[in-house]
Each structure stands twice: as structure tokens, then as C-alpha cells.
Participant: 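Handing you this structure, nothing more for now.
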Amino acid sequence: MAQFSEILNHIKETESYDQKARMLSVIIKFIETKKGKIPQDDKTELVGFAFVEIKKLISAIPEAENYRQKDEMFSYEDNLMGIVMLCHASAAQIPEENLNDIKALVELVNKERFIECAIDDIFEKGNNAKENVERLFCALIPLKDEYQKAQLYNGLLHYQHLIPSLPDDSKKLFADYINGQLKFYLNAELTEEMFTSLEMLADVAQHFATDEILVSLQNLLKLENSAIRYYTALSLLAAKQEIPQEVIVSLANDIVYADMTYAILKMHGKTHLFPTELANEEYLAKSDLVHWLTYPTELGKVPDMIEYLGKVKKKEIYHIFRYTSDSDNLGEDLQGKWLIGWSNNEGGTFSNFDLYSDFEQKTVEKTLKVIKRKLL
């Protein structure tokens, strides 16, 4: 049996395209570490699997219920193409029938991803004339799918470093659309997906800070949602605007956003606005770790309990914590158990979901020494 048979069978049986894409990415990383040098029978199995799945996607994508599902399919498509490229030295080696399926799938995906493709065209290829931006908005404005509409904000955040180079008339079109959307959300009954869109919109608004947009951003701060308040504050501070003290206090008391709020205040020389009793290493380090743990790829939520163990130095300072969670991202053997995580100001915040009991010694001091030696 070829070495990938088991995982490929598991991918076939999995309904979630997100999970399919994740599992296939593991295979891709493995092949890359081998620089593509894997046995021919493995390549044959992988390629056969990829072409069957490519044909299935051509039928499945148009039948998806919404754009979120399609987006997961696009990720899977990207990894399938990765497998094909890694197993062939050139396109000339691919049979014509399979090559036609690849072309058909690529054309289908590009047609569905017209927002993403238009943004790439405007920024990456420099086709940023007013008529190209107008064409994008003509296609975008009728859309009702919030997840699909949010791809515009994703694209603008990806290319934010190129926004200043937009022609003035094109930049105004983006600013007018963003201002219109801000006003729409301010007067709408927000759904979960609309809140997510609004987070990104509040962030990207800093690059189109007209007077009207700044007024809308100030009104956004009235929403009692920490994520939206944080990204709105980020944009307002970038535009040298004042943030109400009660908003800063609210964000400082939210363990998920406290450290990031302190960081943006520090960037703008305004740390005096942050509550003094919360401006300490332990609290900010805890906030940093908790925010990291809320990523969908980690716990996907705030830990149920978290305790500070102490700090150690290994070239840099690491603040060590233990925490518990019932997250579905954890195996049953880890749920509800004390796990180890750490915060590091130099970008080293992390957790391997290691069991605290595997490192625990008679004293906390000795436990920290073991953690330092074996995990950091």
C-alpha cells in the first residue's frame, strides 16, 4: 500500500472541504520537505486522486449553498492543483483529458472569485483606472451574500500598502463605497456575518479617511462590540482622532483585546489613556496569549480558566501560563485538563497544547525550569 492511501481515503470520506484542504496541505508539506522525491507509485496514487477530485469540484462548486462553502472549495482546489504540480515536472506530462478538466476548474473558480480577481487586477497588475474600479462596484453592489462582499475588504487589507498609489478618482470610488457601507451597517440589524464584515471594514477605513468616514467611525464606537471598537480605534488613531476614554477602558477590560489596545496606544504615544491598574506585564501577557488562543486554528475561543505561573528568560522574556478549555479543537484527552502556553513580546506567543501534568514538579519554580528547558 502506498504511504498516502490511508489519509487520502479519509479525505474522500470527509464532508467538510475545509478539513479536506487541511489534510491535503499536510501531504503537500511532506512532499515539499522531500523536494518532490517520492516513489512513483505514491505520485501515481496522488495524481489519480487529484484528478478525480478536480472533476467532482467542477460539479460541486455551482451547487454550493453560499459563498463561504465555495471559498472552502477554492482552498481545496488550490491544494489539489498543488498536488498536480508537485507530481509533474511540466504541464506537458499531464494527459489532455486531465488538462482540460484543470482548465475548466480554473475558469470556473476565477468566474466565481470575480471580486478577488478584480482586486488582484487593480493592485497587482496596476489596472487601477477609474473604469476598472467602476466595473468592480457594478458587479459588487447587487450582492447579498455578506461573506462574498467581505472579500473586497480582505483584498484591500492585503494590498493596503498599495492603496496610496491609487489614482485620486479611483480612490474616491472606494471611499464612497466604504462610507456607504459604514452607514448601512450603522442602521442595520447586524447578523454574525455582518459583524465580521464590519470588523474588516472598520480596519480598512483608515486608508480612506474622509471627513464623512471619520464621523461614521466615531459612531461605530457606540456599538458595544470589542472587535469592532478595537479596529475602529485603530483607524481613528491612524487618522489622529481622539478616542473616548470609556471606549479605552472597555477595551482594556476585555482580556482578548487589552494587549492589542495597549500596543496601538503605545504606537501613538497615548498609553496614559490605558487604565494604570491594568498596565502591567502579567495582565498584558495573559491578554496576548488569550487573543492568540481564540484563533480558529487554536482553541477558537477564550480558555475556560487561565493562571499565571511566572516568567523565565531564554534570550527573551517568556510569561508562562496554564489554562483549561473544552474546545472541540482539542482531543478528548486534553479537554478540561491544564495545558501550557506562553506569551512573548517578540512574537513568540504559542501553545503546543502540552499537558501541564507532564512537566509539573514539586514547586512552581522547578516546573518553570523544566518548561524552559523542554518547550522554549
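Quick note: residue numbers are just sequence positions, from 1. Nothing here was measured: the structure is a model prediction, and the numbers come from that model.
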Participant: Report yes if some heavy atom in the side chain of Ser216 is under 4.5 Å from a heavy atom in the side chain of Lys183; otherwise report no.
Facilitator: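 Yes, side chains in contact.
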Participant: Just checking Asp328: does its CG atom have more than 12 heavy atoms from other residues, nucleotides or ligands closer to it than 6.0 angstrom?
Facilitator: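 12 or below, so no.
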Participant: So does Arg322 get a backbone contact from the side chain of Glu307, meaning a donor-acceptor N/O pair under 3.5 Å?
Facilitator: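 No, Glu307 side chain to Arg322 backbone: no donor-acceptor pair under 3.5 Å.
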Participant: Count the heavy atoms belonging to other residues, nucleotides or ligands that lie under 6.0 Å from CD of Glu224, then report whether that count exceeds 12.
Facilitator: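 12 or below, so no.
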Participant: Using the rule side chain to side chain contact (heavy atoms under 4.5 Å, CB included), only one of Leu217, Asp203, Ile243 pairs with Leu234; which is it?
Facilitator: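 Answer to the side chain to side chain contact (heavy atoms under 4.5 Å, CB included) test with Leu234 among Leu217, Asp203, Ile243: Asp203.
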Participant: Short question: side chain of Gln245, backbone of Leu273 - any donor-acceptor pair under 3.5 Å?
Facilitator: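 Present.
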Participant: Using distance alone, with no hydrogens and no angle criterion, decide if Glu53 and Tyr76 have a side-chain donor and acceptor under 3.5 Å apart.
Facilitator: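 Yes, because at least one side-chain N or O of Glu53 sits under 3.5 Å from a partner of the opposite role on Tyr76.
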Participant: When you compare the side chain of Tyr177 with that of Leu140, does any pair of heavy atoms fall below 4.5 Å?
Facilitator: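 Touching, per the 4.5 Å side-chain cut-off.
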Participant: State whether the number of non-hydrogen atoms from other residues, nucleotides or ligands found under 6.0 Å of Glu97 atom CD is greater than 12.
Facilitator: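 For Glu97, atom CD is not crowded (no more than 12 foreign heavy atoms under 6.0 Å).
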Participant: Tell me whether the count of non-hydrogen atoms from other residues, nucleotides or ligands lying under 6.0 Å of CD in Glu65 goes above 12.
Facilitator: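 No, because the 6.0 Å sphere around CD of Glu65 holds 12 heavy atoms or fewer from other groups.
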Participant: Would you find more than 12 non-hydrogen atoms of other residues, nucleotides or ligands less than 6.0 Å from Glu192 atom CD?
Facilitator: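 No, not enclosed.
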Participant: Determine, for Lys172 against Asp168, whether the closest basic-nitrogen to carboxylate-oxygen distance falls under 4.0 angstrom.
Facilitator: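 Salt bridge between Lys172 and Asp168, a charged N being under 4.0 Å from a carboxylate O: no.
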Participant: Could you check whether Asn128 and Ser170, counting side-chain N and O atoms only, form a donor-acceptor pair closer than 3.5 Å?
Facilitator: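 There is no such pair (donor and acceptor under 3.5 Å, judged by atom type) between the side chains of Ser170 and Asn128.
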Participant: Among side-chain atoms of Ser197 and Glu146, is any donor-acceptor pair under 3.5 angstrom?
Facilitator: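 Side chains of Ser197 and Glu146: pair found under 3.5 Å.
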Participant: Do you reckon Val109 sits in the same ILVMFWY cluster as Phe114, going by side-chain contacts under 4.5 Å, direct or chained?
Facilitator: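 Not linked; separate clusters.
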Participant: Using the rule given for ring pair (Phe, Tyr, Trp, His ring centres under 6.0 Å), can you reason through Tyr308 versus Tyr283, listing the C-alpha separation, both sets of side-chain angles and the distance that settles it, and then say yes or no?
Facilitator: CA-CA 9 Å; Tyr308 185 59; Tyr283 179 71; over 10 Å; no
Participant: Residues two or more places apart in sequence or in another chain: which of them pass salt bridge (charged side-chain N to carboxylate O under 4.0 Å, His left out) with Glu124?
Facilitator: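 Checked Glu124 against salt bridge (charged side-chain N to carboxylate O under 4.0 Å, His left out); zero matches.
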Participant: Met73 and side chain to side chain contact (heavy atoms under 4.5 Å, CB included): which single residue from Ile61, Asp78, Asp18 fits?
Facilitator: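 Only one option passes, and that is Ile61.
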Participant: Below 4.5 Å, heavy atoms only, C-beta onward: do Lys369 and Lys372 meet side chain to side chain?
Facilitator: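 They are not in contact (no side-chain heavy atoms under 4.5 Å apart), so the answer is no.
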Participant: Going only through I, L, V, M, F, W and Y residues with side-chain contacts under 4.5 Å, is there a path from Ile54 to Val52?
Facilitator: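 No, no single cluster joins them.
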Participant: So do Phe51 and Asp101 actually touch side chain to side chain, heavy atoms under 4.5 Å?
Facilitator: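 A side-chain contact is absent here, since even the closest heavy-atom pair is not under 4.5 Å.
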Participant: Checking Leu105 against Met81 for the side chain to side chain contact (heavy atoms under 4.5 Å, CB included) test, could you report, in this order, the C-alpha distance in whole Å, the side-chain angles of both residues, the deciding distance, and whether it holds?
Facilitator: CA-CA 10 Å; Leu105 182 56; Met81 295 301 184; 3.8 Å; yes
Participant: Which residue pairs pass the ring-ring contact (aromatic ring centres under 6.0 Å, His included) test with at least one member in residues 227-255, sequence neighbours excluded?
Facilitator: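 Listed by first then second residue: Tyr230-Tyr257.
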Participant: Could you walk me through whether Phe174 and Phe137 pass ring pair (Phe, Tyr, Trp, His ring centres under 6.0 Å), step by step?
Facilitator: CA-CA 9 Å; Phe174 278 110; Phe137 287 125; 5.3 Å; yes
Participant: Can you tell me if Asn253 uses its side chain to pair, donor with acceptor, with the backbone of Val249 under 3.5 Å?
Facilitator: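 It does hold such a pair.
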Participant: Could you tell me whether the side chain of Leu376 reaches within less than 4.5 Å of the side chain of Asn344, counting heavy atoms only?
Facilitator: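 Sidechains of Leu376 and Asn344: no contact.
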Participant: Hydrophobic clustering (ILVMFWY, side-chain heavy atoms < 4.5 Å, transitive) - are Trp292 and Tyr356 grouped together?
Facilitator: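 Yes, one cluster joins them.
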Participant: Let me see the working for Lys29 and Glu32 under salt bridge (charged side-chain N to carboxylate O under 4.0 Å, His left out), right down to the final yes or no.
Facilitator: CA-CA 5 Å; Lys29 288 176 182 176; Glu32 288 174 341; over 6 Å; no
Participant: Any heavy-atom pair between the side chains of Lys301 and Ser325 that's under 4.5 Å?
Facilitator: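 Ser325 vs Lys301: side chains touch.
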Participant: Of all the heavy-atom pairs spanning Leu143 and Lys149, show the shortest one and how long it is.
Facilitator: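 Distance-wise, the nearest heavy atoms are O-CD, 3.5 Å.
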Participant: For Ser5, is there any backbone N or O sitting under 3.5 Å from a side-chain donor or acceptor partner on Asn9?
Facilitator: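 Indeed, once roles are kept as given, a pair shorter than 3.5 Å links the two residues.
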Participant: Return yes when atom CG of Asn345 has more than 12 non-hydrogen atoms of other residues, nucleotides or ligands closer than 6.0 Å, and no otherwise.
Facilitator: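 Result for CG/Asn345: open.
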Participant: Could you please spell out the steps behind the ring pair (Phe, Tyr, Trp, His ring centres under 6.0 Å) verdict for Phe30 and Phe4?
Facilitator: CA-CA 11 Å; Phe30 175 80; Phe4 300 114; 5.8 Å; yes
Participant: Is any side-chain heavy atom of Asn179 closer than 4.5 Å to one of Phe208?
Facilitator: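 Not touching, per the 4.5 Å side-chain cut-off.
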Participant: Not counting sequence neighbours, list each pair that qualifies as a ring-ring contact (aromatic ring centres under 6.0 Å, His included) and has a residue in residues 144-169.
Facilitator: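 Every ring-ring contact (aromatic ring centres under 6.0 Å, His included) pair that includes a residue of residues 144-169, provided the two are not neighbours, is Phe123-Tyr159.
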Participant: Find out whether Leu190 and Leu223 are in side-chain contact, i.e. whether some heavy atom of one side chain is under 4.5 Å from a heavy atom of the other.
Facilitator: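 Yes, close enough: below the 4.5 Å cut-off.
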Participant: Could you tell me whether the side chains of Glu298 and Ser351 share a donor-acceptor contact shorter than 3.5 Å?
Facilitator: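 No pair is found: no donor N or O on one side chain lies under 3.5 Å from an acceptor on the other.
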Participant: For the pair Glu242 and Lys270, find out whether any cationic side-chain nitrogen is under 4.0 Å from an anionic carboxylate oxygen.
Facilitator: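 Salt bridge present between Glu242 and Lys270.
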Participant: Within 45 degrees of the axis of the six-membered ring of Tyr67 and under 6.0 Å from its centre: does Lys70 put its NZ or CZ there?
Facilitator: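 Ring-cation test returns no.
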Participant: Please check if any side-chain donor atom of Asn127 sits under 3.5 Å from a side-chain acceptor atom of Asp121, or the reverse.
Facilitator: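 Yes, a side-chain donor-acceptor pair sits under 3.5 Å.
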Participant: Counting only heavy atoms not in His10, do more than 12 sit closer than 6.0 Å to its NE2 atom?
Facilitator: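 No, not enclosed.
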Participant: Assess whether atom CG of Asp333 is packed by more than 12 heavy atoms of other residues, nucleotides or ligands within 6.0 Å.
Facilitator: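 Yes, the 6.0 Å shell around CG holds more than 12 heavy atoms from other groups.
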Participant: Just verifying a value: how many Å separate Glu360 CD and Lys366 NZ, rounded to the nearest 0.5 Å?
Facilitator: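 NZ of Lys366 is found 13.0 Å from CD of Glu360.
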Participant: State plainly whether the residues Glu281 and Lys311 are in salt-bridge range, i.e. N to O under 4.0 Å.
Facilitator: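 Salt bridge between Glu281 and Lys311, a charged N being under 4.0 Å from a carboxylate O: yes.
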Participant: When you look at Ile83 and Ile31, which way does the side chain to side chain contact (heavy atoms under 4.5 Å, CB included) test go after all the steps?
Facilitator: CA-CA 9 Å; Ile83 289 290; Ile31 297 173; 4.2 Å; yes
Participant: Consider only side-chain N and O atoms of Asn100 and Lys103, and report whether a donor and an acceptor are under 3.5 Å apart.
Facilitator: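 Note: Asn100 and Lys103 side chains miss the donor-acceptor criterion.
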Participant: Looking just at side-chain N and O atoms, do His207 and Gln160 make a donor-acceptor pair shorter than 3.5 Å?
Facilitator: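 Side chains of His207 and Gln160: pair found under 3.5 Å.
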Participant: Judged by atom type as modelled, is there a donor-acceptor pair below 3.5 Å linking the side chain of Asp42 to the main-chain atoms of Gln3?
Facilitator: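 Side chain of Asp42 to backbone of Gln3: a pair is present.
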